[in-house]
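Note that this is a predicted model, so its numbers are computed, not measured.
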Amino acid sequence: MKLYKLLIGIVVFHANILCAQSNFRITGNIIEAKGGKEPVEFANVSLTTLDSIFVAGTISGHRGSFIISNLQQGDYILTASYMGFTSTTLRIDNFSASIDLGDLLLEEASVELTGIIVKASSTSTQLDRKLFFLPLNNLPALPME
């Protein structure tokens, strides 16, 4: 009987440890590096393994905060990105407890274009026919009878 209670106790103890291992979380804030350090809303936050296998992802809230929960122990790479900003990558080694990363800064990305070419066409293609649109000033005057 004592052996049976001991065995149940060990199983329950290990079950609690296994459940607790997947209850870790990562929190932080996505902040614009330039200017007044404004929060970046709706930034993408992804967590991958070192082998680039997707684990979890979320977007930042209206104050730039994010939470990724229900994580297991391991080594991860966290990437924060948003259109118009350069991505920030952070390696998290030996992740074994919930952590707050604080402020993650995103730098503005500026791209200079060499030029823009705008082309227009007066044709429209639909599924069953091709339409041509002529400007009104190119139409000949019709004789009045």
Side-chain angles (χ1 to χ4, degrees), residues 3-142:
L3 182 63
Y4 181 70
K5 287 182 180 180
L6 178 65
L7 185 60
I8 289 177
I10 290 173
V11 169
V12 170
F13 178 73
H14 286 293
N16 286 337
I17 290 175
L18 292 175
C19 290
Q21 286 180 350
S22 64
N23 201 17
F24 301 131
R25 67 184 196 168
I26 298 174
T27 59
N29 298 310
I30 309 296
I31 304 294
E32 185 178 339
K34 192 174 184 181
K37 293 193 175 186
E38 294 291 320
V40 179
E41 300 174 347
F42 310 112
N44 296 315
V45 181
S46 65
L47 190 69
T48 60
T49 63
L50 298 180
D51 298 333
S52 299
I53 298 171
F54 180 78
V55 175
T58 188
I59 59 171
S60 61
H62 69 280
R63 293 190 177 144
S65 61
F66 69 90
I67 298 172
I68 301 176
S69 55
N70 297 327
L71 299 173
Q72 296 178 356
Q73 295 178 356
D75 298 328
Y76 296 109
I77 296 175
L78 184 124
T79 303
S81 61
Y82 190 71
M83 187 170 56
F85 291 87
T86 57
S87 297
T88 298
T89 302
L90 181 65
R91 184 173 169 155
I92 303 171
D93 290 323
N94 300 323
F95 177 69
S96 60
S98 296
I99 57 172
D100 182 9
L101 298 176
D103 294 340
L104 298 175
L105 303 178
L106 291 184
E107 297 278 341
E108 283 188 27
S110 59
V111 177
E112 186 174 326
L113 300 176
T114 57
I116 298 175
I117 299 173
V118 178
K119 292 184 178 184
S121 175
S122 62
T123 61
S124 174
T125 304
Q126 294 181 351
L127 293 176
D128 60 346
R129 62 184 174 264
K130 193 171 193 178
L131 300 175
F132 292 93
F133 300 102
L134 299 174
L136 291 177
N137 58 0
N138 287 348
L139 292 176
L142 297 175

For Val45, is there any backbone N or O sitting under 3.5 Å from a side-chain donor or acceptor partner on Thr58? no
Would you compute the distance between atom CZ of Phe42 and atom CD1 of Ile59 and round it to the nearest 0.5 angstrom? 6.0 Å
So CG of Asp100 and CG of Asn29: to nearest 0.5 Å the spacing works out to 7.0 Å
Here the gap from Ile77 atom CD1 to Asp93 atom CG, rounded to the nearest 0.5 Å, amounts to 9.0 Å
Report yes or no: does Asn44 contribute a side-chain atom to a donor-acceptor pair with the main-chain N or O of Tyr82 at less than 3.5 Å? no
Within this structure, what is the CD-OG distance for the pair Glu41 and Ser65, rounded to the nearest 0.5 Å? 10.0 Å
Asp75 CG to Thr48 OG1 distance, which is reported to the nearest 0.5 Å: 11.5 Å
In short, Arg63 meets Pro39 closest at the heavy-atom pair O-CB, 3.2 Å
Is there side-chain contact between Arg91 and Leu50, with heavy atoms separated by less than 4.5 Å? yes
So do the side chains of Leu78 and Ile68 get within less than 4.5 Å of each other, counting heavy atoms only? yes
Minimum heavy-atom separation for Gln73 to Phe24, with atom names? CG-CE1, 3.6 Å
Measure the spacing between CD of Glu32 and CG of Leu106 and express it to the nearest 0.5 Å. 8.5 Å
Any donor and acceptor pair, going by atom type alone, linking the side chain of Ser46 with main-chain N or O of Phe54 inside 3.5 Å? no
Could you check whether any side-chain heavy atom of Ile26 comes within less than 4.5 Å of a side-chain heavy atom of Phe66, counting everything from C-beta outward? yes
side-chain contact (heavy atoms from CB on, under 4.5 Å) evaluation trace for Thr49 with Val55: CA-CA 7 Å; Thr49 63; Val55 175; 3.6 Å; yes
Any donor and acceptor pair, going by atom type alone, linking the side chain of Thr88 with main-chain N or O of Leu105 inside 3.5 Å? yes
